[in-house]
Amino acid sequence: MKDQIEKIKKEIEEFTSSTKQSVEEFRLQFVSKKGKVSTLFDQLKLVAAEEKKELGIVLNDLKKSAESKFAELQEAMESTSSNNLFDVDLTLPTTPNKTGSHHPLNLTRYRIIEIFERLGFNVEDGPEIESDWHNFTALNFPENHPAREMQDTFFVEKNPDVLLRTHTSNVQIRLMKNRKPPFRAIMPGRVYRNEAISARAHCFFHQVEGLYVDKNVGFSDLKQTLYHFAKEMFGKETKIRLRPSFFPFTEPSAEIDISCLICHGKGCNVCKYSGWVEIAGSGMVHPNVLRNCGIDPEEYTGFAFGMGIERITMLRYSINDLRLFSENDIRFLKQFKPVI
Ligand code: PHE
């Protein structure tokens with residue numbers, strides 16, 4: 001038994017670590033009721049009477065030294081852990097919060113709205129799932145117009161036809177049908193076309209429709225409004241060009257081009273070496289469209305336009321692939337203005 005006591009004494013003396021875990025280990029081994037020292041006390045009952053006294057004194061010493069060592073270790077542990085508090089370098093910068101950012105298409109939409117609101121245009125909204133009548137018929141599309149065919153339009157139901165709108169012009173119809181002129185509104189929204197996805201085309205994209213109907217609205221109003229818009233959106237130096245075009249719902253119709261922002265007219269691959277980039281379709285609202293909505297074309301005239309938000313965003317930020325807008329790659333998205 002003496003040898004055992006010596007051995008344990010040594011173990012206690014040599015124990016050094018003061019981590020939380022090892023102090024607990026020490027307690028279990030040497031201090032607790034089931035520890036080595038208590039076990040020796042149990043064995044003391046079996047020892048011969050003459051040895052008991054002497055051994056009892058030695059054992060008591062052992063118990064005391066275990067307890068005081070335990071107290072020592074605890075103290076050491078506490079002082080190191082409280083020291084740790086001051087190991088923190090309070091001058092270090094904190095980890096920044098990861099904030100989200102505005103989608104570039106939204107940034108462009110906000111800017112378009114801002115420009116037109118200052119000209120007195122309201123913002124209007126309409127459904128993406130639409131009847132054939134609102135998307136085509138009321139807009140003066142003849143029955144056999146190719147845009148109605150399956151390769152362009154996603155149909156939801158046939159007979160009567162329900163479809164995903166192919167443009168935001170449906171909102172023109174809803175507005176004119178439900179309210180009385182004058183109208184001065186822009187209508188941003190998502191549109192759908194059955195097209196193969198590539199860098200330049202997608203099966204869904206975004207447009208902003210514009211409509212201005214009042215007494216004595218002329219083509220010069222259309223031209224001046226879009227000229228003002230181009231300068232506000234792309235800078236004072238921007239020029240516009242109108243090219244004759246065709247839409248069933250406008251007459252006359254014009255495609256709006258702006259001078260290329262990248263090469264300033266010298267020719268580059270963005271403008272396909274023409275110096276001009278198309279940004280919108282436009283025209284004077286066709287008298288049949290006004291009539292379809294119960295408006296007298298003898299009394300009221302108006303202009304309309306529709307522009308692609310993706311196209312404008314690509315020009316603004318020099319983005320060369322349409323797919324980036326819908327892939328949600330955080331490395332792309334986080335480059336834009338953070339949400340605060
Ligand atoms: N809806 C036409 C398109 O999607 C654009 C347009 C709108 C043209 C209004 C003229 C007037 O291409």
Side-chain angles (χ1 to χ4, degrees), residues 99-128 130 134-135 164-179 181-192 202 204-214 217 221-238 240 247 249-250 254-258 261 277-283 285 302-319 322 324-326 332-333 335-340:
T99 41
S101 44
H102 290 277
H103 195 284
L105 293 178
N106 283 339
L107 291 173
T108 303
R109 180 165 55 89
Y110 302 153
R111 181 73 187 124
I112 296 173
I113 290 173
E114 199 174 58
I115 296 168
F116 281 103
E117 269 184 343
R118 287 203 199 139
L119 297 176
F121 283 72
N122 302 329
V123 179
E124 299 288 346
D125 199 9
E128 289 176 21
E130 188 55 287
H134 288 94
N135 194 81
L164 296 180
R165 65 175 175 192
T166 57
H167 51 188
T168 42
S169 304
N170 67 322
V171 195
Q172 282 189 41
I173 301 301
R174 291 192 169 263
L175 197 62
M176 291 194 281
K177 217 147 164 72
N178 297 334
R179 286 187 234 156
F183 300 105
R184 207 188 298 177
I186 55 167
M187 303 146 241
R190 182 174 284 184
V191 301
Y192 302 83
H202 210 291
F204 66 79
F205 53 99
H206 301 80
Q207 291 187 330
V208 175
E209 192 82 7
L211 178 70
Y212 189 169
V213 176
D214 204 341
V217 176
D221 298 308
L222 163 65
K223 207 167 148 183
Q224 187 56 35
T225 305
L226 288 166
Y227 182 43
H228 172 79
F229 167 76
K231 285 197 296 181
E232 287 290 304
M233 190 76 198
F234 301 107
K236 279 203 182 65
E237 313 298 298
T238 316
I240 63 164
F247 299 102
F249 40 94
T250 48
E255 218 89 55
I256 315 281
D257 297 343
I258 58 161
L261 305 167
V277 185
E278 184 192 319
I279 59 156
S282 69
V285 181
F303 69 78
F305 59 85
M307 51 186 134
I309 303 186
E310 275 81 354
R311 169 67 66 90
I312 293 174
T313 310
M314 288 167 96
L315 287 172
R316 253 182 125 194
Y317 298 111
S318 300
I319 296 165
L322 200 63
L324 286 165
F325 293 127
S326 49
F332 170 71
L333 296 174
Q335 297 175 62
F336 299 92
K337 188 176 167 244
V339 180
I340 33 166

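Because only heavy atoms are used, hydrogens play no part in the values below, and waters and symmetry mates are left out as well, while side chains stay in.
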For residues Val208 and Thr168, determine if any side-chain heavy atom of one lies less than 4.5 Å from a side-chain heavy atom of the other. no
Kindly indicate whether the side chain of His228, heavy atoms from C-beta on, has any atom under 4.5 Å from the side chain of Arg118. no
Run through His102, Arg109, His103 and flag the one making a side chain to side chain donor-acceptor pair (under 3.5 Å) with Asn106. Arg109
Atom CG of Leu324 and atom OG1 of Thr313: how far apart are they, to the nearest 0.5 Å? 12.0 Å
How are the rings of Tyr212 and Phe303 set relative to one another: parallel (under 30°), tilted (30 to 60°) or perpendicular (over 60°)? perpendicular
Any side-chain heavy-atom pair from Arg174 and Pro127 closer than 4.5 angstrom? yes
In Å, rounded to the nearest 0.5 Å, how long is the span from CG of Asp125 to CG of Leu175? 11.0 Å
pair Val213-Val217: side-chain heavy atoms closer than 4.5 Å: no
Note, Ile279 side chain near Phe229 side chain (heavy atom, < 4.5 Å): yes
Does the pair Phe121 and Ile115 meet the rule for a side-chain contact (heavy atoms from CB on, under 4.5 Å), with working shown? CA-CA 9 Å; Phe121 283 72; Ile115 296 168; over 6 Å; no
Leu322 side chain reached by Phe205 side chain, heavy atoms, under 4.5 Å: no
To the nearest 0.5 Å, atom CD1 of Ile256 lies from atom CE of Met307 at 9.0 Å
Find the distance between OG1 (Thr108) and CG (Leu315) and round it off to the nearest 0.5 Å. 9.5 Å
Residue among Gln207, His134, Glu209 satisfying side chain to side chain donor-acceptor pair (under 3.5 Å) with Ser169: Glu209
Ring centre gap for Phe305 and Phe116 strictly below 6.0 Å: yes
Is atom CD of Gln335 surrounded by more than 12 heavy atoms (other residues, nucleotides or ligands) closer than 6.0 Å? yes
Exceeds 12 heavy-atom contacts within 6.0 angstrom, atom CZ of Phe336: yes
Going by ring pair (Phe, Tyr, Trp, His ring centres under 6.0 Å), name the residues that satisfy it together with Phe247, two or more places apart in sequence or in a different chain. Phe249
Close side-chain approach of Glu310 and His202, heavy atoms under 4.5 Å: no
CD1-CD distance between Ile112 and Glu117, expressed to the nearest 0.5 angstrom: 12.5 Å
Flag, side chain of Arg311 to backbone of Val277, donor-acceptor distance under 3.5 Å: no
Below 30° counts as parallel, above 60° as perpendicular, anything between as tilted: where do the rings of His206 and Phe204 land? perpendicular
Determine whether Arg316 and Leu107 satisfy the following criterion, side-chain contact (heavy atoms from CB on, under 4.5 Å), listing intermediate values before the conclusion. CA-CA 10 Å; Arg316 253 182 125 194; Leu107 291 173; 4.3 Å; yes
Search all heavy atoms of Arg165 against all heavy atoms of Arg190 and return the closest pair with its distance. NE-O, 2.8 Å
With a 3.5 Å cut-off and no angle check, do the side chains of Glu130 and Asn135 form a donor-acceptor pair? no
Drop me the distance from Leu211's CG to Ile173's CD1, to the nearest 0.5 angstrom. 9.0 Å
Contact check, side chains of Glu232 and Glu114, non-hydrogen atoms, under 4.5 Å: no
Quick check: does any side chain N or O of Ser101 sit under 3.5 Å from a backbone N or O of Leu333, one acting as donor and the other as acceptor? yes
Where the side chain of Ser282 meets the backbone of Ala254, is there a donor-acceptor pair that is under 3.5 Å apart? yes
